[in-house]
J.: 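Quick one: this structure, given as structure tokens, is what I'll be asking you about.
Labels below follow one simple rule: chain letters A, B, ... track the order of the sequence lines, proteins then strands, and each chain is numbered from 1. Reckoned from all heavy atoms, side chains included, excluding hydrogens, waters and symmetry mates.
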There are 2 protein chains.
Amino acid sequence: MPDELRQAEETDHPRIVAAIESWWTDSRSPAAARELSLLAPRLFLQHFSGTSLVTERGGEMAGFLIGFLSADRPEDAYIHFVGVDPALRRGGLARRLYAEFFDTASCAGRSRVRCITSPANTGSIAFHRRMGFELVPGDTEIDGIPVHRDYDGRGHDRVCFVREISPSSGS
Amino acid sequence: MPDELRQAEETDHPRIVAAIESWWTDSRSPAAARELSLLAPRLFLQHFSGTSLVTERGGEMAGFLIGFLSADRPEDAYIHFVGVDPALRRGGLARRLYAEFFDTASCAGRSRVRCITSPANTGSIAFHRRMGFELVPGDTEIDGIPVHRDYDGRGHDRVCFVREISPSSGS
């Protein structure tokens with residue numbers, strides 16, 4: 001069955017929160033996965049749905065991407081949160097979500113996409129490299145990976161990615 | 001000593017996180033205050049500093065406001081997170097931060113400002129009413145206050161505010 005890929009809507013928010021609480025328990029405790037959902041408050045689906053995506057398979061949410069165009073940096077677009085149902089991984093869903101976001105950002109005249117992940121998330125680091133992202137030099141290195149310590153607060157170290165895209169003049 | 005009110009910068013982020021972890025402990029456990037800081041990831045200071053504010057007194061952060069112009073709703077501006085040093089409350093700092101944000105939003109042609117708070121935060125509800133906000137009808141009422149249940153996820157009930165402002169044609 002082909003997947004449906006569409007713009008996100010505010011009404012997707014409860015399912016996105018439920019997905020975060022469910023899909024991340026392979027690497028976290030239920031409490032930590034629940035805490036993680038605080039990173040995706042409803043405001044992103046109210047104010048940045050135009051650059052956010054949902055993919056469905058058989059009527060069930062299969063993946064989502066929350067992203068936006070930077071207000072301060074006219075060249076930048078930012079991918080804030082991406083999730084794919086663990087049962088459907090390695091099927092190209094994340095790649096498709098990213099490609100669609102690159103298109104959206106490009107059509108809006110953006111030339112750069114940024115995102116971050118946790119140093120422990122080696123799968124995410126490998127995925128972003130495959131997607132053409134470069135790692136932004138940090139203030140330390142862990143296992144050869146540049147890390148920005150306390151990036152999002154004390155103990156919240158992050159790995160930072162940047163990828164050039166070709167801005168389109170729009171259609 | 002007069003307060004300085006200025007546009008926020010990315011370098012303010014660590015102090016904002018520290019402020020959230022410190023200023024909110026009057027109503028929360030340190031762990032809960034620390035969890036709250038997840039609502040203010042660095043991305044807001046990287047991409048929405050142009051509509052965010054910091055006020056300082058004697059070189060110390062006295063208050064901050066993180067807000068942005070909605071990408072999806074061309075009439076809306078949104079105030080995401082506001083904090084004032086508890087030792088400096090009732091001195092008009094929050095009112096000044098809001099007034100400055102209203103001006104910024106108005107100059108950007110926005111006609112409406114939205115924000116939310118927790119139902120338990122009666123001080124915040126009273127403040128927003130004094131600032132001219134109306135309460136958005138919810139799906140239940142608690143002590144006469146309209147509440148949106150599970151607004152930001154299970155158990156994260158919210159009170160929603162909206163205030164009309166006069167859009168300016170710019171300078």
J.: Sort by residue number and list every member of residues 7-25 of chain A having a non-hydrogen atom under 4.5 Å from chain B.
T.: A:E10, A:H13, A:V17, A:E21
J.: Rounded to the nearest 0.5 Å, how far apart are CZ of B:F101 and CG of B:L65?
T.: 6.5 Å
J.: Please find the pair of heavy atoms, one from A:G63 and one from A:L97, that lie closest to each other, and give the distance.
T.: C-CD1, 4.2 Å
J.: Does A:D150 use its side chain to pair, donor to acceptor, with the backbone of A:G155 at less than 3.5 Å?
T.: yes
J.: Taking the six-membered ring where the residue is Trp, are the ring centres of A:F68 and B:H47 under 6.0 Å apart?
T.: yes
J.: Would you compute the distance between atom CZ of A:R57 and atom CG of A:L5 and round it to the nearest 0.5 angstrom?
T.: 12.0 Å
J.: Check whether any side-chain N or O of B:T117 sits under 3.5 Å from a backbone N or O of B:V159 as a donor-acceptor pair, and report yes or no.
T.: no
J.: By a 4.5 Å heavy-atom criterion (distance strictly below it), what part of B:R34 contacts chain A: side chain, backbone, both, or neither?
T.: side chain
J.: Strictly less than 4.5 Å between heavy atoms, which residues of residues 73-92 of chain B line up against chain A? Please order them by number.
T.: B:R73, B:D76, B:Y78, B:H80
J.: Tell me every residue that passes side-chain hydrogen bond (donor to acceptor under 3.5 Å, both in side chains) with A:R163, counting only those two or more places apart in sequence or in another chain.
T.: none
J.: Applying salt bridge (charged side-chain N to carboxylate O under 4.0 Å, His left out), which residue pairs with at least one partner in residues 121-144 of chain B are found, sequence neighbours left out?
T.: B:D139-B:R149
J.: Need one label for B:S49: side chain, backbone, both or neither, based on atoms under 4.5 Å from any heavy atom in chain A.
T.: both
J.: Can you confirm whether or not the ring centre of A:Y98 sits under 6.0 Å from the ring centre of A:F161?
T.: no
J.: With a 4.0 Å cut-off, would you call A:E35 and A:R28 a salt bridge?
T.: no
